[in-house]
Structures are given as C-alpha cells and as structure tokens.
Peer 1: 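Here you go, one structure.
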There are 2 protein chains.
Amino acid sequence: MKKRPSTITDIARALNIAASTVSRALHDSPSISNETKQAVIKMAKQMDYQPNMLAVSLLSKRTKTIGVIVPEITSYFFSTVISGVQDMVNEAGYKLVICQSNESFEEEQKLIETLALNRVDGFLISPASKTMKFSHLERLRTSGIPVVVFDRDCPGFEADRVLVDDFDGAFQAVEYLIKTGCRRIAHIAGPKNLTTCQHRMDGYAKALQKHHLSVEEDLIERVEGFTSEDGEEATKLLLNLHSPPDAIFAINDAVAIGAMAIIRERGLRIPEDISIVGFDDEPYSKYFHPSLTSVWQPVYELGMLSSKILMNHLSSEIDNPHYRYELLKPELIIRKSSKDL
Amino acid sequence: MKKRPSTITDIARALNIAASTVSRALHDSPSISNETKQAVIKMAKQMDYQPNMLAVSLLSKRTKTIGVIVPEITSYFFSTVISGVQDMVNEAGYKLVICQSNESFEEEQKLIETLALNRVDGFLISPASKTMKFSHLERLRTSGIPVVVFDRDCPGFEADRVLVDDFDGAFQAVEYLIKTGCRRIAHIAGPKNLTTCQHRMDGYAKALQKHHLSVEEDLIERVEGFTSEDGEEATKLLLNLHSPPDAIFAINDAVAIGAMAIIRERGLRIPEDISIVGFDDEPYSKYFHPSLTSVWQPVYELGMLSSKILMNHLSSEIDNPHYRYELLKPELIIRKSSKDL
DNA sequence: CTGTTAGCGCTTTCAA
DNA sequence: TTGAAAGCGCTAACAG
C-alpha cells in the first residue's frame, strides 16, 4: 500500500509525450501548446503528482532552506526571534530548519556540519556560550554559504551581525537604580564568554562610574546558566555579605525572579529594602509581585532584520563587499520592583 | 570565490580512478584495497570533500529528517516537547524540521505539503486549534508517510497518538479544590475545538458531579487564546457575577496568572477568597506570589515517546497493523494559590 | 579489487 | 511546439 509517488516520467508515459514536455507544461513555459498543457495538468492532478524537491534542489543547487541555530529553543527570547524569522522568510518561500546547540560547542559544530551537508542556503546563528573559536563558521564562509550572526557576537569572526545594545540597556537600568537612591548595586552576571553578558557588565560598570560609585567585586556574582535557580544561589551569596546590596541588576528576568524569591524568603521588602531589575522583559514579568522592572529588547524585530539581511545575500548574485552591523535599541520598562524617581 | 564544493567525481578524476571506487572507499566497503582507500581518504580531506546529502536522499528515498509541526514554538509546553524529541532522534541520526502553524489550519496544511514535497521521512504533529478536518493528514497516510499525533487528538483520524490524560489532570485539580472547601468553582476553558480543552472540561464537570455540585454555565468562561490577557478578561467577567466563584480552575498557567492579577487588583485574597489552579506547571509558576498550584504534565517524556514511536515506524519495513495509543499521566502540584486540606 | 553502466527525478540545452 | 540527450552527485548491480 506504500505506493511510489508519481513522477514527471509517469505522467509523460501515461500521455505518451516526453518528460521535458511535462516539465514545461507544469511550469507554464511560453513554448507549449495550450492543449498539451491542459492535458498534462489534468493528468498530474489525476495521478496526484507532487514534485520531488530533492531532485529540484540537486539540480538548482538551492534548497530554499535556512538553517537556524540557537542555544535553546525553550526561552522566550530565542523562540520569539524565531517567530520573527519565520514570518519574514515565509513570504519569500523559504523553509526553516531550527536546531538547538544546548550551549555546547560540539553540538553547534555538528549541527552546522549536518545542515551544510544538507545544503541549506544560509545560516542564522546565535553561538553557544561555550563557543570560543569560530573555525566552523569560517568554513561556511569558505564554502560560500552566507551567515548572519544575531544577538551574541562572535569576536574575531567577520560576518553580518544583528545585535542588541546590551551596554545601553544595562546602563539605563543601573542609572535608573542610582537615580532612585540605590548605592550598593549588585550585578548577577552571566557567562563570561558571552558578548551580551560582557556588554551588560560594561554598562553596569559605566553607570556606576559616571555617578562616582565604585565597582565592588563583592557585589558581582556570576551564574553559568540563566535559570531562576541560578538566581537564587547568587542572591543568597549577595545577601550574606556583611554589607548587602540595596539593589540587584540581574542578567535576565528568570534570574531576577529567583532573586526576588530569596529576598522575600529573608523577609526583606522589594523595592524598599532591595530594588530588582531584570533583562528581557518576558511576558510574565509584569505579572510577578511586585511586577518586575526590566529591559525590553526588540526581539521579534531582531529575528525579522537578521533574516532580511540573510535573504538579501541569498537573492543577490554578487558577493557583498562588506558586512552589515546592526545594533538594536533596548528600552527600560519601569515597574514596581524598583523605586519611583 | 564561491567555489563549487568538490564531489566524488572530482576525487575520482584527481586520482584517475572510477567514481564508484571513491564511493566504496568512503564507505569502507569490504571490497577495496587498503591502498586506494587511504589514497581516496587523503584526497577527500585535501579537497575538503563533503557528501551532498541531496543526491544521497534522492537515491535512497530517505532524508533522515522528521517534520515537527506545532501550533506555536513560544510556549513552554511545545518547546519542551521539542527538546524531548530532539534528544531522542539525535542519536538515531535524524534531523528535525520544526514548524509552527500559528493555530491556523491553512498554515498547517501548507507546512505539511511543503515538508512532504521535501520528502521528510515522517511527521510529528500537534494540530492547530482551527483544524477540524484531517484530509491533509489522510493524504500523508496515502503517501505512506508515517504520522504520530501528540498532545492534541484528531478525532476521526486514525494514527499513533501520544496524549496526556487531561481529564484526569482536571479531575484531580477540581476535586482538590472541592476537598479544600470550595463550592463555586469556575472554569476558564480553552478553545472548544481542542480535545485537550474538552477533556479538561469533562474532568472539571465530572469532579463537580461526583461531589454533588452542579455545573453552572455562569461559572464557565471560554477563552480563544492561551494568554494572561485572555485570563484577565475572563476573570473580570467571573468576578462581576452576582455570586462570584470561590475558586478558578484555569485552562493553563498563563491564564491563571492573568486571573491572579485581576483578583489582586480587586482587593481579594488568594487563596482565602478565591483559590486558583492552573495547568502546565510552567517553570515560573512556583515563583508567583502566591505560588501557583498547577497540573504538571510529563512534557519532555511526551516528546521522547512520540518520536520513539515514529522512529519505530521508520526503521521497520513492514506497515504496522495497528496504531498505538499512549496516555501519559499528569500530576497535581499543590502550592499556595489553593488552600490546604 | 576496480571500472562501466544505469538510474534516482528533474530541468535545460539543442535539434527537429 | 515537442523530443532526445545530458547531467546535477551519488550508489549499486554487473562485469571483468
């Protein structure tokens, strides 16, 4: 019962014409009689013909497929980026192959290789936190497969990049905390290797510096993951300091939520005793109690823009001479986990 | 500079041997001299040869790719299912093409068609809420492409199904509310068309009935989406009743969170005045205030099991005579948004 | 052990 | 307007 799908040759045979004629009829080529064309179309329908895209791709050398590699799919940030990408490329008839690296360099490397073997036309990549060398991406350039890097930069690897101004986001957040009277502002930082985290750290430091506050090592805790549990652990350490912070700027909302839980557990008030600011502005963040002040990022736009740039490469025959660098602006959303001005 | 990737023929030419010999060498076939084999391998490396999977797939009629179609990727539920699928199929060397239907029948139909044209080996599908007929899935069966339906059932379409016992989950939740003294238990229900929502509704009704409480139409609000905003709207209506509920069983956690926000806004206490129970047990749910009582589902396992069943089909030559039906058990996680026993 | 041939399904010359 | 032939990159059957 698993019958072989019908091919263009089957149609040709059934109609006693050449396969090439069938092909022409199906693509309404100019040089075809209306008569045969109709006959072919009718027969194609009758035989439930479906073109085999593998054969088409093999011939055309284009699969109309884009490989998307993200550290994880289960986060609001990346899944929303993907939505943006999806909406952008759908109209152009591109498919998406979405893969997660689980923050592992090896998996990322393997995924890229597999997708390249399967001849995706281009890549959209946000590198894993463990990725420190980019030879695997360099190879793609050598093979002439365009790559757009998004959100997380790859220092030393030249490519189109669409990033968020994490420095500015962090700066806005921390400066706001300072203006509302906080003086001992802690930072729960993310993996050292990620440019996003580095830039947020830099923004944090810069804001302190601008307002003549010193950057104290004690007040900086680093987490390796991005979960609320990580946030809990870091916050415990911060609260145990002989002189605990009066504000925490967390690397993201999930971590901030964990921090809030511990702070409440210790009987401290938010924001009276400790202010909290997160990063990402996840959909849930406004529903926490108190609602979470957070740095919003143009996530959907990030996906749209990255894929638009990639598709420009794909549709233009010539190799672009220079790489684009786009920096999207985040915005501080003030809620109740921080004090009023 | 966009140089053509080297092929098996290139290697053959360079070594002055036949393409088939190269192929054999690269697959360490038994009938090949170690000498030529080494030479081929060396040359392949030197020329940076990468097999073209399109050609391989065209020949073998298998792409080692599975199409995954979910309503949306940006939800904890589906993205976690996908993680489970990913982890399961990776070992078997299968790739995933992940697509979202955005709850639209038309998009779902189109996605299935496109993936079929691209010859995915099998499908993992959770249908859109708007999908009411399954002719597009029926077609897949006709073409002999195996399909496993997960989470949301397709009534009238025979296939392997891996579902969660939503009836039982809802029953547990509502019975618990009754046992803690609630008597006017409202239900914020989801789209009528979804079997998951129907079953939760049935479980709700059955629990009431078992404890001799009547099912009141007034106490049932239906939402079309699954967002917190939907939950807010529904809750406003419920609280405006002349005799408002003393508990709300929400179709999922996001809706429950919206409900909590409105309840607090009205100055009512949770759970003293109104108990709340959600469904999904999202990672954040325990961090809300009060922490949310919710029905946990074995989401990751759902992904693992569904893909395992699919892969069984793919590896066995014979058409399986009967379809499997798996029902996974959910579990009520009791927290602080409901009263103690 | 190796080469030749054929063919997967399709498109695109080149003739007719 | 149509057909025949070649070939995309690869594998497998058959000779030798």
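In the text below, chain A, chain B and the rest are named by the order of the sequence lines, each starting its count at 1. Here the structure is a predicted model, which is why all the values come from computation and not from measurement. All values below come from the heavy atoms of this structure, side chains included, with hydrogens, waters and symmetry mates left out.
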Peer 1: I need the CZ-C1' distance between B:R13 and D:dG9, as an integer number of Å.
Peer 2: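 Going from B:R13 (CZ) to D:dG9 (C1'), I get 12 Å.
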Peer 1: I want to verify a distance call: between D:dG3, D:dG9, C:dC10, whose nearest atom is closest to the A:I17 side chain?
Peer 2: D:dG3
Peer 1: Within this structure, what is the CG-to-P distance between A:N16 and D:dA4, rounded to whole angstrom?
Peer 2: 10 Å
Peer 1: Give the nucleotide from the list C:dC10, D:dC8, C:dT2 with an atom nearest to the side chain of A:N52.
Peer 2: C:dC10
Peer 1: Please state whether the phosphate of C:dG9, meaning OP1 or OP2, lies under 4.0 angstrom from any side-chain nitrogen or oxygen of B:K61.
Peer 2: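 Result: yes.
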Peer 1: Tell me whether A:R324 is salt-bridged to A:D160, with the criterion being a basic N under 4.0 Å from an acidic carboxylate O.
Peer 2: no
Peer 1: Nearest 0.5 Å, what's the CG-CZ distance between A:L314 and A:R62?
Peer 2: 7.5 Å
Peer 1: How many angstroms lie between atom CD1 of A:I145 and atom CG of A:L310, to the nearest 0.5 angstrom?
Peer 2: 11.0 Å
Peer 1: In whole angstrom, give the distance that lies between atom CD1 of B:I8 and atom P of D:dG7.
Peer 2: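 Going from CD1 in B:I8 over to P in D:dG7 covers 18 Å.
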Peer 1: Tell me the interatomic distance from B:Q50, atom CD, to D:dC8, atom P, rounded to whole angstroms.
Peer 2: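 So the two atoms are 19 Å apart, to the nearest Å.
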Peer 1: Tell me whether the NZ or CZ atom of B:K130 lies within the 45° cone about the ring axis of B:F105 and under 6.0 Å from its centre.
Peer 2: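 No, B:K130 does not sit over the ring of B:F105.
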Peer 1: To the side chain of A:R4, which of C:dG9, D:dT2, C:dC10 is closest?
Peer 2: C:dG9
Peer 1: Would you mind reading off the distance between A:L58 atom CG and D:dG7 atom P, rounded to a whole angstrom?
Peer 2: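 Between P of D:dG7 and CG of A:L58: 14 Å.
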Peer 1: Within the 4.0 Å heavy-atom criterion, would you say B:L54 contacts the bases, only the backbone, or no part of the nucleic acid?
Peer 2: nothing
Peer 1: Verify the contact: side-chain N or O of A:T21 to OP1 or OP2 of D:dT1, cut-off strictly under 4.0 Å; return yes or no.
Peer 2: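 No, because none of the side-chain N or O atoms of A:T21 sits under 4.0 Å from OP1 or OP2 of D:dT1.
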Peer 1: For C:dC10 and A:S23 - does any side-chain N or O of the residue sit under 4.0 Å from the phosphate oxygens OP1/OP2?
Peer 2: no
Peer 1: Nearest-Å distance, CG (A:N118) to C1' (D:dG9)?
Peer 2: 14 Å
Peer 1: Mind running salt bridge (Lys or Arg N to Asp or Glu O under 4.0 Å) on B:K110 and B:E107 for me, showing each step along the way?
Peer 2: CA-CA 5 Å; B:K110 196 162 179 183; B:E107 291 193 46; over 6 Å; no
Peer 1: State whether the distance check finds a donor on one side and an acceptor on the other, under 3.5 Å, for side chain B:R24 versus base C:dG3.
Peer 2: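 Between C:dG3 and B:R24, which were checked side chain against base, a qualifying N/O pair under 3.5 Å is present.
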Peer 1: With the side chain of A:I32 defined as its heavy atoms from C-beta on, choose the nearest nucleotide among D:dC10, C:dT2, D:dT2.
Peer 2: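 Side chain of A:I32 sits closest to D:dT2.
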Peer 1: Remember a base hit wins even if backbone is also touched, and classify B:T36 as base, sugar-phosphate or nothing at under 4.0 Å, heavy atoms.
Peer 2: sugar-phosphate
Peer 1: I want to confirm an ordering. Mapping B:S31 and A:S6 to their closest nucleotides on DNA chain C, which one lands closer to the 5' end?
Peer 2: B:S31
Peer 1: Does B:S60 reach a base, just sugar-phosphate, or nothing at all? Heavy atoms under 4.0 Å.
Peer 2: nothing
Peer 1: Between B:R62 (CZ) and D:dC10 (P), how many Å, whole number?
Peer 2: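 To the nearest whole Å, that distance equals 18 Å.
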Peer 1: About how many Å separate CG of A:D151 and OG of A:S126, when rounded to the nearest 0.5 Å?
Peer 2: 4.5 Å
Peer 1: A:T7 near the nucleic acid: base, sugar-phosphate alone, or nothing, with a heavy-atom cut-off under 4.0 Å?
Peer 2: sugar-phosphate
Peer 1: Report yes if a donor N or O on one partner sits less than 3.5 Å from an acceptor N or O on the other, where the partners are the side chain of B:S20 and the base of C:dT4; otherwise report no.
Peer 2: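 It does, because a donor-acceptor pair links the side chain of B:S20 to the base of C:dT4 below 3.5 Å.
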Peer 1: Can a donor-acceptor pair under 3.5 Å be found between the side-chain atoms of B:R119 and the base atoms of C:dG9?
Peer 2: no
Peer 1: How is B:S33 classified with respect to the nucleic acid when contacts are heavy atoms under 4.0 Å: base, sugar-phosphate, or nothing?
Peer 2: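 Contact class for B:S33: sugar-phosphate only.
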Peer 1: So if I take every side-chain heavy atom of A:H27 and compare against C:dC8, C:dC10, C:dT11, which nucleotide ends up nearest?
Peer 2: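 The answer is C:dT11.
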Peer 1: Rounding to a whole Å, what distance do you find between B:M53:CE and D:dC8:C1'?
Peer 2: 16 Å
Peer 1: When you get a sec, tell me which of C:dT11, C:dT2, D:dG9 is the closest nucleotide to the side chain of B:L59?
Peer 2: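 Among the listed nucleotides, the one closest to the side chain of B:L59 is D:dG9.
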Peer 1: Which nucleotide sits closest to the side chain of B:V56: D:dG3, D:dC10, D:dT2?
Peer 2: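 The answer is D:dC10, which lies nearest to the side chain.
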Peer 1: Does the side chain to side chain donor-acceptor pair (under 3.5 Å) test come out yes or no for A:E113 and A:H136, once each step is laid out?
Peer 2: CA-CA 8 Å; A:E113 197 189 320; A:H136 54 319; over 6 Å; no
